[in-house]
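A short write-up of the structure that comes next.
All figures in this text were calculated on a predicted structure; none of them were measured in a lab.
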Amino acid sequence: MTVVADKPRSKRKVRPAGRVASLRSGMTSWLSRPLADFHLLLAIFGMLTVLGLVMVLSASAPGQVASGVSAYSVFQKQLIYVCIGAVLFWVMLRFPLRKLRHVSTAAMGIGVLLLALVLTPLGDVRGGARSWFTLGPVSFQPIETVKLALALWGAHVLVTKRALLSQYRHLLVPVVPVAMLVFALVMLQPDLGGTITLGVVLISLLWFVGAPMRLFGVIAAGAVAGAVVLAIGATYRLQRVTSFLNPDADPDGAGHQARQAMFALADGGLFGKGLARGSSQWRYLPNVESDFIFAVIGEELGFVGCALVLVLFGGLAWVGLRIASRNTDPWIRIVAATLTVWLVAQAAINIGYVVKLLPVTGLTLPMISSGGTSIVTTMIVFGILANCARHEPEAVSALRSLGPGRVGGLLRLPAPEAYRAPSKRKPVRPSTPPRAPGRSRTQQLPVMDERRMAGRSAPPSEYRRRDSRRTQGRSEQGRSTRGRGRSN
């Protein structure tokens, strides 16, 4: 009999954690820190600022040289506006959010007034639109500040009326009528790009406040009908739509920008030609440093540069919505989400019409395109978002217990205030007083009718005195009648 020895079972080898798993665990632990959103937002802000300055210089220098002016003229203006925006970014980072909410109503009123004044001879016409104020060497567009004011004020109104938002009257009034007034003033300039971004802000406010879906269906139908009417009503808008549908129909006219942008993207390849080595900025592509700067990024930095821009704006969307979800103050939640959607949607529209997915609307690429009012307003928005990130509950407790940290100490940032839910309002009419122990309902009724029995002019104490006097008089009168009856 042969005995077959059992083969030893092979032990399973425990594989050490790979680099991907360790990187994932490290990112998870870092993102769980109290100020992770704040630091990540600052990193995105810094990278977009540097990338924007570099690309504005690279895109504008050849055209300025061809025009016979300094190659750094556009870059110097952009650098000045970036410095102004950096100061306002720091101010918004320190500004208390409660005060910002309180001044939003005044900001909205001033913005509507400026939109009305820009239509008068006080406004300046540029690019066929009366949408600028010019004060010496400084010029600005009021529409950029009105977008921010609408986001702040609309969130304030909707949060204040959140207990009544189940009724359409309170949900729509006064936010939607004021927004329609702003739309009308902007379209009178006319500024189609500004109207689109205002619509994005309004829809974001209604979405994050929890408006019913049927309302968005009505808004979508109205937007499509309005777009058709506006496209038919103006020749240049109709040319944009027809060139989008068939860019080869007018290659040297309405379809020139779209065609040249696609040629620039195709020439870039994977890694691009290098900074200042592209050909599109030599007057081959109009508005190359503002509206179509993404095409220059594709030509000089290639697919890698375009992917970097998409990653940065994708990271902004993720961080901004994460800030909104991690806050407890309802106003901060709506403001953070609305501002995030505004910036990301504007970037998506700009990139969309550069790559021929959307018609040309004239919107700039936030933080990257050349433009004074646009870059300053965008940096203010980043300051408000960073301030919202510091008001997350975990961040507030960490900053108050452990101090401001390195970044907060360097920027001289004060400790944020913790969110306190508003106290419930007392009812206007006094409620029925609670029943005293040991008394029935019938025993309390005479006390409630004292004023009706004794008169409105006397105080309650006098009522009781009159009542006690009447009771004593009746008792004494009863005793005297009883005594007379007995004597008789």
Side-chain angles (χ1 to χ4, degrees), residues 35 37-57 60 72-104 106-108 110-111 114 132-149 151-152 289-290 312 316 319-320 323 332 335-336 339-340 342-343 346 364-391 399 404-417:
L35 292 173
D37 294 339
F38 174 68
H39 294 150
L40 191 56
L41 188 67
L42 289 183
I44 295 174
F45 172 74
M47 293 180 68
L48 285 175
T49 304
V50 174
L51 180 61
L53 288 174
V54 171
M55 294 312 303
V56 166
L57 176 60
S60 61
Y72 301 100
S73 58
V74 176
F75 174 75
Q76 289 175 353
K77 293 181 180 179
Q78 186 73 2
L79 185 60
I80 292 174
Y81 283 119
V82 166
C83 293
I84 297 174
V87 174
L88 294 178
F89 169 83
W90 178 74
V91 171
M92 288 294 104
L93 199 53
R94 291 177 52 89
F95 202 83
L97 291 181
R98 291 184 179 180
K99 292 184 180 180
L100 186 64
R101 177 179 178 180
H102 291 160
V103 302
S104 62
M108 190 64 200
I110 295 173
L114 291 177
W132 294 82
F133 283 114
T134 303
L135 301 174
V138 180
S139 60
F140 67 95
Q141 287 180 291
I143 180 59
E144 296 294 334
T145 56
V146 172
K147 299 174 189 176
L148 179 58
L152 301 178
E289 71 274 4
S290 57
L312 289 176
L316 173 62
V319 175
I323 293 171
I332 295 179
V335 166
L339 295 181
T340 301
W342 164 23
L343 294 183
Q346 182 171 336
T364 58
L365 187 60
M367 296 295 299
I368 299 179
S369 295
S370 173
T373 313
S374 175
I375 188 67
V376 171
T377 306
T378 307
M379 296 180 85
I380 292 175
V381 171
F382 267 95
I384 296 175
L385 285 176
N387 201 346
C388 294
R390 297 181 76 245
H391 279 76
L399 291 172
R406 294 181 181 178
V407 179
L410 181 64
L411 297 177
R412 305 280 184 179
L413 301 180
E417 298 179 1

*May I ask you to decide if the ring planes of Phe140 and Phe133 are parallel, tilted or perpendicular, using 30° and 60° as cut-offs?*
tilted
*asked:* So, taking the atom named CD1 in Ile332 and the one named CZ in Arg98, what distance separates them when rounded to the nearest 0.5 Å?
replied: 8.5 Å
*Between CG on residue Leu48 and OG1 on residue Thr378, distance to nearest 0.5 Å*: 10.0 Å
*What are the two closest non-hydrogen atoms of Leu53 and Val82, and how far apart are they?*
CD2-CG2, 3.8 Å
_salt bridge (Lys or Arg N to Asp or Glu O under 4.0 Å) against Glu144, all qualifying residues, sequence neighbours excluded_ = Lys147
*Any side-chain heavy-atom pair from Thr49 and Met367 closer than 4.5 angstrom?*
yes
_Student check: side-chain heavy atoms of Leu97 and Val335 closer than 4.5 Å_ = no
*Looking only at non-hydrogen atoms, find the nearest pair between Leu413 and Pro404 and report the distance.*
O-CB, 4.3 Å
*asked:* Counting C-beta onward and ignoring hydrogens, is there a side-chain heavy-atom pair between Leu114 and Val146 closer than 4.5 Å?
replied: no
*Would you check if the side chain of Ser369 reaches a backbone N or O of Ser290 as a donor-acceptor pair within less than 3.5 Å?*
yes
*Within the side chain of Trp90, is there an N or O that forms a donor-acceptor pair under 3.5 Å with the backbone of Leu411?*
yes
*Any chance you could measure Tyr81, atom OH, to Ser370, atom OG, to the nearest 0.5 Å?*
9.5 Å
*Measure from the side-chain N and O atoms of Gln78 to the backbone N and O of Gly371, and report whether any donor-acceptor pair falls under 3.5 Å.*
yes
Less than 3.5 Å apart, which donor and acceptor atoms pair up between the side chains of residues 379-391 and the rest of the protein, not counting sequence neighbours?
from: Asn387; atom 1: OD1; to: His391; atom 2: ND1; distance (Å): 3.2
from: Asn387; atom 1: ND2; to: Met92; atom 2: O; distance (Å): 2.9
from: Asn387; atom 1: ND2; to: Phe95; atom 2: O; distance (Å): 2.7
from: Arg390; atom 1: NH1; to: Pro414; atom 2: O; distance (Å): 3.2
from: Arg390; atom 1: NH2; to: Pro414; atom 2: O; distance (Å): 3.0
from: His391; atom 1: ND1; to: Asn387; atom 2: O; distance (Å): 2.8

*Just wondering, do Leu339 and Leu343 contact through their side chains at under 4.5 Å, heavy atoms?*
no
*If you measure from CG on Leu40 to CG on Leu316, what distance do you get to the nearest 0.5 Å?*
9.5 Å
*State, yes or no, whether a side-chain contact exists between Ile143 and Thr373 at a heavy-atom distance under 4.5 Å.*
no
*Hey, what do you get for OG1 (Thr377) to CG (Leu88), rounding to the nearest 0.5 Å?*
9.0 Å
*About how many Å separate CG of Leu148 and CG of Leu100, when rounded to the nearest 0.5 Å?*
7.5 Å
